[in-house]
Amino acid sequence: MISGKNMNRVVITGMGIYSCIGKNVDEVKQSLYDGKSGIGIDPERKEIGFRSSLTGIVERPDLKGVLPRRMRIGLAEQGEYAYVATEEALKMADIDMDYLEKNEVGILYGNDSSAKAVIESVDIVREKKDTTLIGSGSIFQGMNSTVTMNLAVIYKLKGINCTVSGACASGSHAIGLGYFLIKNGLQSMIICGGAQEVNAYSMGSFDALSAFSLLESSPHEASRPFDKTRDGLVPSGGAATIIIESYESAVRRGANIIAELIGYGFSSNGEHISVPNVDGPVRSLRMAFDDAGIDVDKIDYVNAHATSTPVGDKNEAEALAEVFGKYKPYVTSTKSQTGHECWMAGASELIYSIIMMKNSFIAPNINFTEGDESSSKLNIPNKRVSKKIDYLLSNSFGFGGTNATLIAKNFE
Amino acid sequence: MTREEVVKKINQILIEEFEIEEAVIDPTGNIIETLGIDSLDLVDLVVLIEKNFGFKVVNEEMGGIKNLNDFYDYVTARAK
């Protein structure tokens, strides 16, 4: 392991995204620029007893004819999204199958459920009372590691191969841990990301907590992070992939470097299972700044975790205000457009932020009309801002009090 | 179900569900080698036979089945 100043620099050379605001980087860039909402209504949710039928609307890709049957049938819904996002990211990074077969490339992906496959297999067993009628794909779709186990086979990967489950910070932790492996010289390239299933049954137990917005009359206005009138989050999903590698590897390949990862912070609140606090995020933020070795006033843009829940947004606003002090960088939550992409969010929001950085704008925190006593301490634009971004920061928090913070730097 | 109907249906499953080229389907060839299927595919074949022919394939009864013709006969004898 390399130590101290000899550690590797970690750069991003590819990005791929499949979400409710676009099926690739170009579509997502336009949606961010336009402040477009990806939220809609899923009528099935009312039929099966949901409090809220609001959700991000994500179309499933048709992979028949794209992947052979054996590679397809193990992919759960979120695995299909992850495959499409990874294809885009690898293409952007100029990585082909020949490279993947000849080099030790790993995969670390955030995912924390695969409910549909599990539910469907249990339904079959209950009805038929015979496990042999479940079929062969279910086990590979139903495990938490479904995304990494399938993509590792599809892409013939030879490096680290595992899933990171850290609730709604899964995607961030996957990237952060991948960053540490490369920084320490243990891997030179890792496919990182996060995936989230969107089907109704996967969200039933979350809806049970009364955590979702009830503003069904205005789906595009339902996700309103930091706004005084916010009444809950809107579930969403898809997948996001980034290709991270050592600076040396990128230069050796002649790759186009998009951005540099320079800081990862993490912490655990050590308190309530679902109610976030201020201290945990503060420690995660400060750890990321220590790792990045920059002062807080270097940050041009903060992509907040803010999900549009009353307590969560308030406590994050307090944490940001405490860490940034008098300096007030632009802060937005792209969840105002996408809803809460849960296990995928940390990865997708890093990509959203990098898209903004590469195109010198900050997407509006749509539906933010008036702050509460905490969010009023922040600089939250509800209109698009033209802004050169050199450094950005992205927060992700999750159940159990898990926190993650990533800091990235532009690469020109 | 007539044997002819069973053959047509099984071949349709092989082509549509297992994505096997029609030209590869040789009734006299070894099932696994000729069709290029693996042990996981056999798990799915059991499910598809139950769905399409209404009976459960029993592993112990499969011992004597060497080629597709044997399999057509086996299914024809049990199809509901």
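These values consider heavy atoms only, across backbone and side chains, with no hydrogens, waters or symmetry-generated copies. Residue numbers start from 1 in every chain, and the chains themselves are labelled A, B, ... in the order their sequence lines are given, proteins ahead of strands.
The number of heavy atoms from other shown groups lying within 6.0 Å of CG (A:Asp94) does not exceed 12. Other residues, nucleotides and ligands place more than 12 heavy atoms under 6.0 Å from the OH atom of B:Tyr74. In this structure, B:Lys51 places its NZ atom where only 12 or fewer heavy-atom neighbours from other residues, nucleotides or ligands lie under 6.0 Å away. Summarising the local packing, CD of B:Glu5 is surrounded by more than 12 heavy atoms from other residues, nucleotides or ligands at distances under 6.0 Å.
With rounding to the nearest 0.5 angstrom, the CG atom of B:Asp44 is 4.5 Å from the CD1 atom of A:Ile73. Note: B:Glu19 CD to A:Arg70 CZ = 11.0 Å, rounded to the nearest 0.5 Å. Between A:Lys128 atom NZ and B:Glu50 atom CD the span is 3.5 Å, to the nearest 0.5 Å.
When the side-chain contact (heavy atoms from CB on, under 4.5 Å) test is applied to A:Asp98, the partners found at least two apart in sequence or on another chain are A:Asp96, A:Lys102.
With a 4.5 angstrom heavy-atom cutoff, B:Lys56 touches chain A only via side-chain atoms. With a 4.5 angstrom heavy-atom cutoff, B:Asp38 touches chain A only via side-chain atoms.
For residues 133-163 of chain A, heavy-atom neighbours of chain B at less than 4.5 Å comprise A:Leu133, A:Ile134, A:Gly135, A:Ser136, A:Gly137, A:Phe140, sorted by residue number.
Options B:Val43, B:Leu40, B:Asp41, B:Val47 differ in how many heavy-atom pairs under 4.5 Å they form with chain A, and the most are formed by B:Leu40.
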